[in-house]
Amino acid sequence: ADNPFPISTVQQLATLAGQVNEGGVFYYNPSDGKYYDNNAEGYIAIANMAEGSYFKLMNDIISNHGDVASCAGVKQSDWHYWDMLGTLSHPFDGSFDGNHFTVSGLLVRNENATDGTGFCGAIANHAVIKNLGVVNSYVPGTNATGGIVGEALGGTIENCFFIGTIETSGNYTGGLVGQMSVGTKIIASYASATISTSGNQLGGIVGKILNSPQDCELQNVYSSCILHGNFQYTGGIAGENLDAGTVFSNCYFDQQLIDCKVTPNPDPHSMAAGTAMPTTAMTNGTWAPTGFTPAGSGQYPYITGFSISN
């Protein structure tokens, strides 16, 4: 953790994602800051799925310029798709430290309607995603779609936020994580997205929490997401929670932004998760969960360490 692999450009970020998604060992060249398939003198080997490796943003990264969040999936000629960091076949299993910077303008590719869509398509048990903001981004998906992680098979998401648009045609849609299990933790994070789905399990933070031997945890999180959906299982924090042992601690959501039909079979575990608050209380300029800083009257609080402009 003392010697992170630096990420300074969108090209480096995209190459890292491509290497992780292909599986197998890959290599970092300190002299040019690039990642390679083949080894050479002076290169540093990075394990399959980057397990145990540490990557760190060195500055804000802009993937595409313009209003990507409102693009409705329409790609402009000078834009590039984001192919996600980690897949269900090769989930990311390292540490990614955003270093309190943001990645903006992501247009996530989902042409093949694959499950697991987000900045990270899928993460594994050792993964840590922290100190990262993903903003002005558009995330389409089918099943397991979230702004930060589509499918969390364990791991930790801490001090992260997503601002943008999420639109799905499948199930398990959340502002930060689509579906989580195996003791996944979400800590001191928030989502402020417009989310629309024609499927089930819609939540401001996570779409669905699976039952697993290791209980999941959500601590000091909030959602100011606008939720649009008309199917089963909708919650301000979690759409559906199948693990009665899930820990919900200091979770809050803006109750005035949920535009959904009352679910015909409401899930007591998810419907009870989190504290419903009016917009005025969440934006009064003094309210903030642990790990957040009030942003002033009329604004939601921001994660301590980030700029208020985020």
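- A salt bridge (Lys or Arg N to Asp or Glu O under 4.0 Å) check over residues 125-140, counting only residues at least two apart or in different chains, returns nothing.
- Aromatic ring pairs are classed by plane angle as parallel below 30°, tilted from 30° to 60° and perpendicular above 60°; the pair F292 and Y222 is tilted.
- Under a hydrophobic clustering in which Ile, Leu, Val, Met, Phe, Trp and Tyr are joined whenever their side-chain heavy atoms come within less than 4.5 Å, directly or via other members, V10 and F55 fall into the same cluster.
- Residues M277 and I303 fall within the same hydrophobic cluster, defined by Ile, Leu, Val, Met, Phe, Trp and Tyr side chains chained together at heavy-atom separations under 4.5 Å.
- Tracing side-chain contacts under 4.5 Å through hydrophobic residues (I, L, V, M, F, W, Y), one never reaches I205 starting from Y172; they form parts of separate clusters.
- Between the side chains of Y138 and E167, at least one donor N or O sits under 3.5 Å from an acceptor N or O.
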- request: Decide yes or no on side chain to side chain donor-acceptor pair (under 3.5 Å) for T293 and T304, but give the supporting numbers first.
  value: CA-CA 5 Å; T293 300; T304 303; 2.8 Å; yes

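- Nearest heavy-atom pair, I237 versus Y252, reported as atom, atom and distance to 0.1 Å: CD1-O, 3.4 Å.
- Legend: salt bridge (Lys or Arg N to Asp or Glu O under 4.0 Å) pairs involving residues 32-52, not counting sequence neighbours: none detected.
- Counting only residues at least two apart or on different chains, the salt bridge (Lys or Arg N to Asp or Glu O under 4.0 Å) pairs with a member in residues 73-93 are D83-R109.
- For Y35, the ring pair (Phe, Tyr, Trp, His ring centres under 6.0 Å) partners two or more places apart in sequence, or in a different chain, are Y28.
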Identify each donor-acceptor pair in which a side-chain atom of residues 149-164 lies under 3.5 Å from a protein atom, sequence neighbours left out, and give them as a table.
residue: E151; atom: OE1; partner: Q179; partner atom: NE2; Å: 3.1
residue: E151; atom: OE2; partner: Q179; partner atom: NE2; Å: 3.0
residue: N159; atom: ND2; partner: N131; partner atom: OD1; Å: 3.1

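- The shortest distance between side-chain heavy atoms of P140 and V108 falls below 4.5 Å.
- Using a 4.5 Å heavy-atom threshold, the side chains of L202 and Y233 count as separate.
- Here T168 pairs with T145, I166, T173, T197 under the side chain to side chain contact (heavy atoms under 4.5 Å, CB included) rule; sequence neighbours left out.
- Without hydrogens or angle criteria, N99 side chain to F101 main chain gives no donor-acceptor distance under 3.5 Å.
- Across all non-hydrogen atoms, the minimal contact from N110 to T142 is ND2-N, 3.7 Å.
- Taking 4.5 Å as the limit, some side-chain heavy atom of L13 sits within range of a side-chain heavy atom of W82.
- When the ring pair (Phe, Tyr, Trp, His ring centres under 6.0 Å) test is applied to Y36, the partners found at least two apart in sequence or on another chain are Y43.
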Under 3.5 Å donor-acceptor pairs involving side-chain atoms of residues 207-220, not counting sequence neighbours:
residue: S212; atom: OG; partner: V182; partner atom: N; Å: 2.9
residue: S212; atom: OG; partner: Q214; partner atom: O; Å: 3.0
residue: N220; atom: OD1; partner: N250; partner atom: ND2; Å: 3.1

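- Looking at every heavy atom in both residues, L227 comes nearest to T234 through CD1-CG2, 4.5 Å.
- Of the possible donor and acceptor atoms, one in the side chain of N21 sits under 3.5 Å from a partner among the backbone N and O of G86.
- Taking the side-chain hydrogen bond (donor to acceptor under 3.5 Å, both in side chains) definition, one finds that N39 meets it with nothing, sequence neighbours left out.
- Residues forming a ring pair (Phe, Tyr, Trp, His ring centres under 6.0 Å) with F26 (at least two apart in sequence, or on another chain): none.
- Looking at residues two or more places apart in sequence or on another chain, you find a side-chain hydrogen bond (donor to acceptor under 3.5 Å, both in side chains) between S192 and S224.
- Nearest heavy atom pair, residue W79 against residue H65, reads NE1-O, 2.8 Å.
- M180 and I148 end up in the same hydrophobic cluster when Ile, Leu, Val, Met, Phe, Trp and Tyr side chains are linked at under 4.5 Å.
- Among residues two or more places apart in sequence or in another chain, the side-chain hydrogen bond (donor to acceptor under 3.5 Å, both in side chains) test is passed with S297 by none.
- Of the N and O atoms on the side chains of Y27 and N38, not one donor lies less than 3.5 Å from an acceptor on the other residue.
- Residue F306 is grouped with residue M282 when hydrophobic side chains (ILVMFWY) are merged at heavy-atom distances under 4.5 angstrom, including chains of intermediate members.
- Side-chain atoms of N29 never come within 3.5 Å of backbone atoms of A40 as a donor-acceptor pair (strictly under, hydrogens ignored).
- Shortest non-hydrogen contact noted between A276 and Q255 is CB-OE1, 3.1 Å.
- Considering only heavy atoms from C-beta on, Y300 comes within 4.5 Å of T279 through its side chain.
- Between T184 and S181 the shortest heavy-atom distance is OG1-O, 2.6 Å.
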